[in-house]
Trainee: 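Sharing a structure with you now.
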Amino acid sequence: MLSFESVCVIAATNVLLDFLRATKDMGKMLGGEEEKDPDAAKKEEERQEALRQQEEERKAKHARMEAEREKVRQTIRDKYGLKKKEEKEAEEKAAMEQACEGSLTRPKKAIPRGCGDDDEEDEESILDTVLKFLPGPLQDMFKK
């Protein structure tokens with residue numbers, strides 16, 4: 001077991017070492033000389049190469065995982081007779097172009113909603129629906 005004096009000496013030594021490290025770090029922060037490592041450039045180059053290699057491995061792993069996912073997606077598409085989104089959009093676009101070839105007017109689907117020919121019947125039916133929920137005297141007022 002350590003005596004009280006030896007514990008005090010150890011504590012004082014630790015405090016002194018911490019102080020020396022702190023003043024050394026403070027000197028660096030205040031613009032003092034930094035210790036030059038002769039192999040610093042080589043170590044930094046090795047570190048950068050390791051980072052590049054890790055990034056390449058990560059990208060390769062991601063590509064393999066995405067390829068596996070695409071295989072699973074394709075088996076599901078084949079099993080249920082589904083088409084890829086791009087294929088579906090291409091077919092719809094081709095169908096729209098084919099329908100427009102001999103026509104002088106645009107197809108109904110190409111007209112944006114709210115523009116051009118709006119059916120007033122829809123508006124009247126909405127108004128009638130709203131009037132149903134109003135009390136009797138208010139209904140009479142709006143119908144006049």
Side-chain angles (χ1 to χ4, degrees), residues 1-135 138-139 141-143:
M1 184 155 179
L2 297 173
S3 67
F4 179 72
E5 291 84 23
S6 60
V7 171
C8 288
V9 169
I10 292 171
T13 306
N14 286 337
V15 168
L16 183 61
L17 288 173
D18 288 342
F19 177 74
L20 290 174
R21 283 189 205 115
T23 55
K24 184 177 177 184
D25 293 339
M26 287 295 288
K28 288 180 185 177
M29 283 189 251
L30 296 174
E33 286 187 26
E34 292 186 28
E35 294 179 16
K36 303 276 181 173
D37 188 8
D39 297 331
K42 185 177 178 182
K43 288 179 183 177
E44 180 63 22
E45 187 178 314
E46 289 174 358
R47 188 182 72 80
Q48 291 294 331
E49 181 60 34
L51 287 175
R52 276 192 292 274
Q53 188 177 11
Q54 286 176 347
E55 183 67 16
E56 290 172 5
E57 290 172 1
R58 186 192 66 79
K59 286 182 180 180
K61 181 181 176 184
H62 179 74
R64 282 192 307 270
M65 289 173 50
E66 190 58 34
E68 290 174 11
R69 289 183 187 134
E70 187 57 36
K71 284 180 187 177
V72 171
R73 288 185 200 115
Q74 190 59 46
T75 56
I76 292 171
R77 282 189 210 107
D78 293 342
K79 181 178 179 180
Y80 294 106
L82 303 174
K83 295 181 181 177
K84 278 188 170 182
K85 191 174 186 178
E86 296 89 25
E87 292 174 1
K88 224 186 252 188
E89 290 172 356
E91 286 180 3
E92 288 175 1
K93 188 176 180 181
M96 289 287 286
E97 289 174 0
Q98 185 180 11
C100 293
E101 280 180 7
S103 176
L104 297 176
T105 60
R106 293 184 295 183
K108 207 169 199 175
K109 202 172 190 181
I111 299 173
R113 188 157 182 86
C115 297
D117 302 335
D118 285 339
D119 295 332
E120 292 184 17
E121 297 171 9
D122 291 339
E123 292 177 13
E124 291 174 359
S125 65
I126 293 171
L127 183 61
D128 291 339
T129 306
V130 171
L131 286 175
K132 289 179 186 177
F133 292 104
L134 294 176
L138 287 176
Q139 285 181 3
M141 208 166 68
F142 280 108
K143 285 183 181 178

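Excluded from the calculations below are hydrogen atoms, water molecules and symmetry mates; all remaining heavy atoms, backbone and side chain alike, are included. What you are looking at is a predicted structure, and each value in this text was computed from that prediction instead of being measured.
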Trainee: Between Glu89 and Lys93, is any pair of side-chain heavy atoms under 4.5 Å apart?
Mentor: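 Result no, sub-4.5 Å side-chain heavy-atom pair not found.
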
Trainee: To check you understand the geometry: which heavy-atom pair defines the closest contact between Thr75 and Val72, and what is its length?
Mentor: OG1-O, 2.6 Å

Trainee: Can you tell me how far CG of Leu82 sits from CD of Gln74, rounded to the nearest 0.5 angstrom?
Mentor: 10.0 Å

Trainee: Answer whether the closest heavy-atom distance between the side chains of Met65 and Lys61 falls below 4.5 Å.
Mentor: yes

Trainee: May I ask you to decide whether Arg47 forms a salt bridge with Glu44, counting only side-chain N to carboxylate O separations under 4.0 Å?
Mentor: yes

Trainee: Where is the tightest heavy-atom contact between Glu70 and Arg77, given as atom of each residue plus distance?
Mentor: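 Between these two residues, the closest heavy atoms are OE2-NH1, 3.1 Å.
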
Trainee: Any ion pair linking Glu68 and Lys71 (charged N to carboxylate O, less than 4.0 Å)?
Mentor: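 A salt bridge is absent here (no side-chain N lies under 4.0 Å from a carboxylate O).
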
Trainee: Do the side chains of Glu55 and Arg58 get close enough for a salt bridge, i.e. N-O under 4.0 angstrom?
Mentor: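 Here Glu55 pairs with Arg58 in a salt bridge, since their nearest N and O are under 4.0 Å apart.
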
Trainee: I'd like to know if Glu66 pairs up with Lys59 as an ion pair, taking the criterion as any Lys NZ or Arg NE/NH1/NH2 lying under 4.0 Å from an Asp or Glu carboxylate oxygen.
Mentor: no

Trainee: Distance from Glu49 atom CD to Gln54 atom CD, nearest 0.5 Å?
Mentor: 11.0 Å

